[in-house]
Protein chains: 2
Amino acid sequence: MEQESRLSGSQRPGGRTARVRAAVLEATQDELVERGFHGLAMDQVAARAGVGKTTVYRRWGGPAGLVADLMDSLATESAPHADTGTIEGDLLENARNVLGAITDARLGATFQAVIAAATCDEEASRALHGFYTRRIEEWARVVDLAVERGELPAGTDGGEVIRAVSAPLYYRLVVTREEVTGDVAARVAGQVLAAARAGAFVRART
Amino acid sequence: MEQESRLSGSQRPGGRTARVRAAVLEATQDELVERGFHGLAMDQVAARAGVGKTTVYRRWGGPAGLVADLMDSLATESAPHADTGTIEGDLLENARNVLGAITDARLGATFQAVIAAATCDEEASRALHGFYTRRIEEWARVVDLAVERGELPAGTDGGEVIRAVSAPLYYRLVVTREEVTGDVAARVAGQVLAAARAGAFVRART
DNA sequence: TTGCTAATGGAACAGGAGTCCCGTTTGTCG
DNA sequence: CGACAAACGGGACTCCTGTTCCATTAGCAA
């Protein structure tokens, strides 16, 4: 249960190792869609990926390690921030981006699985934290650009703005378990925009 | 796996049944704090509660049923909305209330466990949905009162406002896995207040 | 108090997840 | 091309979760 950096630090990152990882992560996502995190059996994943059960246990340790690595792999392919020209458009784009991720069967199941895993596993928790830290940083730039354009007050905290847009969508998905629609996404973007324009997201003076 | 209404509809709700339920739910919470949802073993719960393993399986069916019932029991003891006299104070109070719930070791672990359970179990999902539906309705009243006092524009959607305050806190807890502090709670309450005053939460005309 | 029945408890049983051992395959380097 | 080492694969084994059966206890009502 303590094999680190299975990604980059491999001593032999040759063809097979990478192939196995790809096949296993692919199979993991499929299983998550069909059975959810609690139903994620290493057995099944190994069989579906066409690799030995031993290999999966050796490299990932358990279901949590599996979803943590899956999250890491998703991090490398996450989309860059939008640039529609206005902060209104960019925030709406961010909301739609989140909406798309959580309504997509494959991605949605994956995110929920990692969230579930993170509640009881330190490794999955770190993977999740890292993923969103990067994503928020990336999208926070649209706020900085808006400030430069004079659309928003100087000192507006971009990370906070992006969090404020994303949070209500995830909140509905995993906490209140309400349906998340395009309407909700649009409303939320509008609400946050209003608060940002009013200067509610300006950083406190140090 | 289909024994309904173990709460109210019992044909014999006498002393022992209620005692057993209380002991089991108590033990469940303890186990959740120590091991999390994935580590919730019916065995352990039964032993800690001092009841037979068979009883726990019979009445709750599985770990998910256990946390679902726990959620239902928490619903009955959730606090009524605040009434500080100003919407600013009430929203801050709501933020602090959420903050208190998720930072409390016992409650925080419980909520995270139910959230994890809900990602893969329909029953837990319904319990969670019901709990927050009630809670949001309850606290939405502070917004209605504020509208009556003239603090906020007519037509402001109370449920949306409460969600907007609560969401960023839960988002940090379960999604981005950032620390949630009193600072964050206060900031969020302020941001939502600004948006509400600007009329961003006014319902669309039908 | 007495009997009925719901509810509980103990113990044996079954199924599956996770671990271990060792032989086999496959990159990689000289 | 050849050898070494890392990584993989299969199968047996163990332990624990969840189920089933039946005896026992304890509410409830007459």
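Here is the naming used below: chain letters follow the sequence lines, and residue numbers restart at 1 for every chain. This is a predicted model, so every value here is computed, not measured.
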In a table with atom names and distances, give each donor-acceptor pair under 3.5 Å that connects a side chain of residues 138-147 of chain B to protein atoms at least two apart or in another chain.
from	atom 1	to	atom 2	distance (Å)
B:E138	OE2	B:H81	N	2.8

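Taking atom CH2 of residue A:W60 and atom P of nucleotide C:dT19, one finds them 15 Å apart after rounding to whole Å. In this entry the distance linking CZ of A:R58 with C1' of C:dT25 reads 12 Å, nearest Å. Rounded to a whole Å, the NE2 atom of B:H38 is 16 Å from the P atom of C:dA17. Rounding to whole angstrom units, OH of residue A:Y57 and P of D:dG11 are separated by 17 Å. Rounded to a whole Å, the CG atom of A:D43 is 12 Å from the P atom of D:dG10. Between the CD atom of B:Q44 and the P atom of D:dT17 there is a distance of 7 Å, rounded to whole Å. When the P atom of D:dT17 is taken as reference, atom CZ of B:R35 falls 10 Å away, rounded to whole Å.
When distances run from any side-chain atom of A:T17 to the nucleotides D:dA7, D:dT19, D:dG27, the shortest one goes to D:dA7. When the nucleotides C:dG9, D:dC8, D:dG18 are ranked by their closest atom to the side chain of B:T55, C:dG9 comes out on top. With C:dG9, D:dT19, C:dG18 as the choices, the nucleotide that has an atom nearest any side-chain atom of A:K53 turns out to be C:dG18. The listed nucleotides are C:dG10, D:dG10, D:dT17; the one nearest the side chain of A:T54 is D:dG10.
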side-chain contact (heavy atoms from CB on, under 4.5 Å) assessment of B:V188 paired with A:R163:
CA-CA 10 Å; B:V188 166; A:R163 271 180 268 248; over 6 Å; no
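Contact check on B:E123 versus A:R177 returns no salt bridge, with no Lys/Arg side-chain nitrogen under 4.0 Å from an Asp/Glu carboxylate oxygen. Salt-bridge check for A:R21 with A:D69: passed, with a basic side-chain N closer than 4.0 Å to an acidic carboxylate O.
Each of A:M42 and B:G50 has a nearest nucleotide on DNA chain C; the 5'-most of these lies closest to B:G50.
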